[in-house]
2 protein chains.
Amino acid sequence: MDISKILDLIYQLPEQSKLELQNNVSEIAFPKGHILLKANKIESNIYFIKKGLVRAFVERDNEVTFWFGKEGETIISMKSYVEDEPGYENIELLEDCELYELKTKNLRKLFNEDVHIANWGRKFAEKELIKTEERLISRQFKNASERYLELMKDHPELIKRVQLGHIASYLGITQVSLSRIRAELK
Amino acid sequence: MDISKILDLIYQLPEQSKLELQNNVSEIAFPKGHILLKANKIESNIYFIKKGLVRAFVERDNEVTFWFGKEGETIISMKSYVEDEPGYENIELLEDCELYELKTKNLRKLFNEDVHIANWGRKFAEKELIKTEERLISRQFKNASERYLELMKDHPELIKRVQLGHIASYLGITQVSLSRIRAELK
DNA sequence: TTCATTTTTTATCATTTGTTAAATTTTTTC
DNA sequence: GAAAAAATTTAACAAATGATAAAAAATGAA
């Protein structure tokens with residue numbers, strides 16, 4: 001998915017502002033398994049996924065996967081981006097990826113210079129917020145089996161592309177529980 | 001908490017922009033028990049809490065409380081605000097409240113006219129996003145008892161001001177479970 | 001205060017999910 | 001293609017949480 005399309009998905013910018021943003025973007029590729037972002041470090045870039053699939057996870061006793069990103073989505077260490085503090089998330093590439101890279105520093109400059117880009121940034125955060133809030137609510141009143149069915153309905157491709165251990169973690173259950181749930185659905 | 005302080009908490013605006021925002025704000029009060037926002041309706045205002053306490057909940061078999069707002073916080077139907085679509089949340093006043101009201105229509109106009117206000121709106125969404133993401137992650141690897149202790153640590157005043165049924169719902173467990181957890185902590 | 005109502009706790013049993021270990025299947029590597 | 005490694009499933013039992021009902025405590029209204 002090309003950068004112009006990705007930027008439009010978030011918010012339709014006037015041509016001039018869009019070019020400003022695109023001029024600050026460079027392309028970069030990494031292989032499956034690469035750790036793009038490490039926890040407890042300030043990340044100075046954000047990335048848009050041209051091609052591939054990644055996961056965000058935090059490390060506890062085990063790894064807790066809390067987000068998947070695929071073509072068209074944006075990779076951000078929220079803490080770094082928003083508060084300039086080390087983030088809590090690691091980002092691992094689950095497939096070979098082609099990414100667009102944008103320096104946070106340059107983006108912040110554009111936020112202060114261009115009202116359209118500031119509103120683009122606002123829309124981005126707002127849309128992410130709605131997605132996160134809906135997931136939180138879903139967690140609050142659905143059991144594991146219902147959450148799995150919901151994921152199958154909303155993101156069937158994820159279940160094909162991601163190994164079940166990560167899916168189970170994302171759903172907030174153990175892999176063994178997910179396996180049991182799948183067996184019961186047959 | 002006065003409106004100037006509340007706006008500053010989100011993002012420090014230049015004086016001129018701040019006055020622009022403040023000029024669009026009016027004061028309003030409602031008694032405990034009042035339903036300020038109803039689900040499935042487009043809400044045309046956002047509110048800042050000057051004084052009091054509210055909760056956001058969705059209706060399922062039971063009510064699921066997913067947010068508490070107190071002095072200095074912002075009441076928004078995210079779906080209405082972001083996508084101009086009916087929201088999923090109800091907002092109930094848990095105490096008598098004094099609120100600042102701001103018409104979404106006017107705010108949108110300011111977002112397009114004033115780069116500082118656009119960035120204020122961006123910061124607001126970004127900060128809410130981090131809080132929501134942290135709660136989601138906490139849900140993913142902490143059990144009910146740990147989540148209760150976390151809430152006691154981070155927001156002890158909530159436990160004093162809110163009845164336990166709502167707290168239990170917010171934590172994603174039944175009131176009976178929360179009561180049991182409290183008994184085990186003694 | 002006193003009574004009625006609401007909230008919280010306690011108890012019991014059912015269900016869901018976790019833990020551990022082993023078996024099976026799939027994927028990767030040589 | 002065979003061996004090794006990784007991922008998934010299955011099984012048995014443990015622990016956490018849910019559901020229901022009843023008792024106790026707290027709150028609110030007359």
Side-chain angles (χ1 to χ4, degrees), chain A residues 31-35 53 55 57 60-66 68 92-96 136-152 156-186, chain B residues 31-35 53 55 57-66 68 92-96 136-152 156-186:
Chain A
K32 175 175 176 172
H34 178 73
I35 302 293
L53 185 67
R55 72 176 178 119
F57 66 98
R60 304 296 172 203
D61 321 331
N62 42 9
E63 291 181 354
V64 180
T65 297
F66 64 94
F68 295 111
E92 179 196 358
L93 275 55
L94 298 177
E95 300 175 356
D96 294 344
L136 181 65
I137 294 172
S138 156
R139 281 295 284 282
Q140 214 136 342
F141 68 84
K142 291 186 172 166
N143 63 25
S145 167
E146 290 168 328
R147 298 202 297 276
Y148 177 69
L149 288 170
E150 181 183 53
L151 183 65
M152 285 227 294
E157 79 289 356
L158 274 186
I159 291 166
K160 285 173 193 144
R161 291 168 75 180
V162 180
Q163 67 188 55
L164 287 187
H166 296 329
I167 298 276
S169 174
Y170 178 84
L171 293 172
I173 54 178
T174 61
Q175 166 153 358
V176 175
S177 281
L178 178 55
S179 218
R180 177 165 41 198
I181 285 167
R182 283 159 60 91
E184 280 160 9
L185 291 177
K186 277 172 197 159
Chain B
K32 174 176 175 171
H34 178 74
I35 302 293
L53 186 67
R55 72 176 178 118
F57 66 97
V58 294
E59 302 199 62
R60 305 293 174 207
D61 322 331
N62 43 9
E63 290 181 356
V64 181
T65 297
F66 65 94
F68 295 111
E92 179 195 358
L93 275 55
L94 298 178
E95 299 176 356
D96 295 344
L136 181 65
I137 294 171
S138 155
R139 281 294 284 281
Q140 215 136 341
F141 68 84
K142 290 187 174 166
N143 64 24
S145 168
E146 289 167 328
R147 297 201 298 276
Y148 176 69
L149 288 170
E150 180 183 53
L151 182 65
M152 286 226 293
E157 78 290 357
L158 274 186
I159 290 166
K160 285 173 193 146
R161 291 167 75 178
V162 180
Q163 66 188 56
L164 286 186
H166 297 329
I167 299 276
S169 174
Y170 178 84
L171 293 173
I173 55 178
T174 62
Q175 164 152 0
V176 175
S177 281
L178 178 54
S179 216
R180 177 166 38 199
I181 285 166
R182 284 159 60 92
E184 280 161 9
L185 291 177
K186 280 172 197 161

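At least one side-chain heavy atom of Asn143(A) sits less than 4.5 Å from a side-chain heavy atom of Glu146(A). Here the side chains of Leu93(B) and Lys32(B) are not in contact, with every heavy-atom distance at 4.5 Å or above. The closest side-chain heavy-atom distance from Tyr148(B) to Leu185(B) is below 4.5 Å. Within the 4.5 Å cutoff, the side chain of Thr174(A) has no heavy atoms near those of the Asn62(A) side chain.
Computed from coordinates, the Lys142(A) NZ to dG18(D) C1' distance equals 19 Å when rounded to whole Å. With rounding to whole Å, Leu185(A) atom CG is found 13 Å from dT16(C) atom P. Going from atom CZ of Arg139(B) over to atom P of dT17(C) covers 13 Å, rounded to whole Å. To the nearest angstrom, P of dT17(D) lies 11 Å from CG of Leu178(B). At whole-Å resolution of the value, CD1 in Ile159(B) and C1' in dT8(C) are 15 Å apart. Between Leu94(A) atom CG and dA7(D) atom P the separation is 11 Å, expressed in whole Å. Here dT17(D) presents its C1' atom at 6 Å from CZ of Arg180(B), a figure rounded to the nearest Å. Atom-to-atom, CD of Gln140(A) to P of dG18(D) comes out at 11 Å; the value is rounded to the nearest Å.
For the atom pair Leu171(B) CG and Glu150(B) CD, the distance stands at 9.0 Å (nearest 0.5 Å). From Asp96(A), atom CG reaches atom CG of Leu53(A) across 11.5 Å, with rounding to the nearest 0.5 Å. In this structure, CZ on Arg147(A) lies 13.0 Å from CD1 on Ile167(A), to the nearest 0.5 angstrom. Within the model, atoms CZ of Arg55(A) and NE2 of His166(A) stand 4.0 Å from one another, a figure rounded to the nearest 0.5 Å. In this structure, OG on Ser145(A) lies 5.0 Å from CG on Leu149(A), to the nearest 0.5 angstrom. Rounding to the nearest 0.5 angstrom, the gap separating the CG atom in Leu136(A) from the CZ atom in Arg139(B) is 6.0 Å.
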**Asked** Quick one: what's the B/S/- string for nucleotides 22-30 of chain D, heavy-atom cutoff under 4.0 Å, read 5' to 3'?
**Response** ---------
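Ranking dT17(C), dT9(C), dT12(C) by closeness to the Arg182(B) side chain, first place goes to dT9(C).
OP1 or OP2 of dT9(D) lies within a sub-4.0 Å distance of a side-chain N or O belonging to Ser179(A).
A heavy-atom distance below 4.0 Å to DNA chain D is reached by these residues of residues 160-176 of chain B, ordered by number: Gly172(B), Ile173(B), Thr174(B), Val176(B).
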**Item:** Worked check of side chain to side chain contact (heavy atoms under 4.5 Å, CB included) between Ile159(A) and Arg182(A)
**Value:** CA-CA 12 Å; Ile159(A) 291 166; Arg182(A) 283 159 60 91; 4.3 Å; yes
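For Glu184(A) and Ala183(B), each mapped to the nucleotide of DNA chain C holding its nearest heavy atom, the one lying further toward the 5' end belongs to Ala183(B).
Fit an axis to the five pairs at each end of the helix from dT1(C)-dA30(D) to dC30(C)-dG1(D) and the two axes sit 60° apart, to the nearest 10 degrees.
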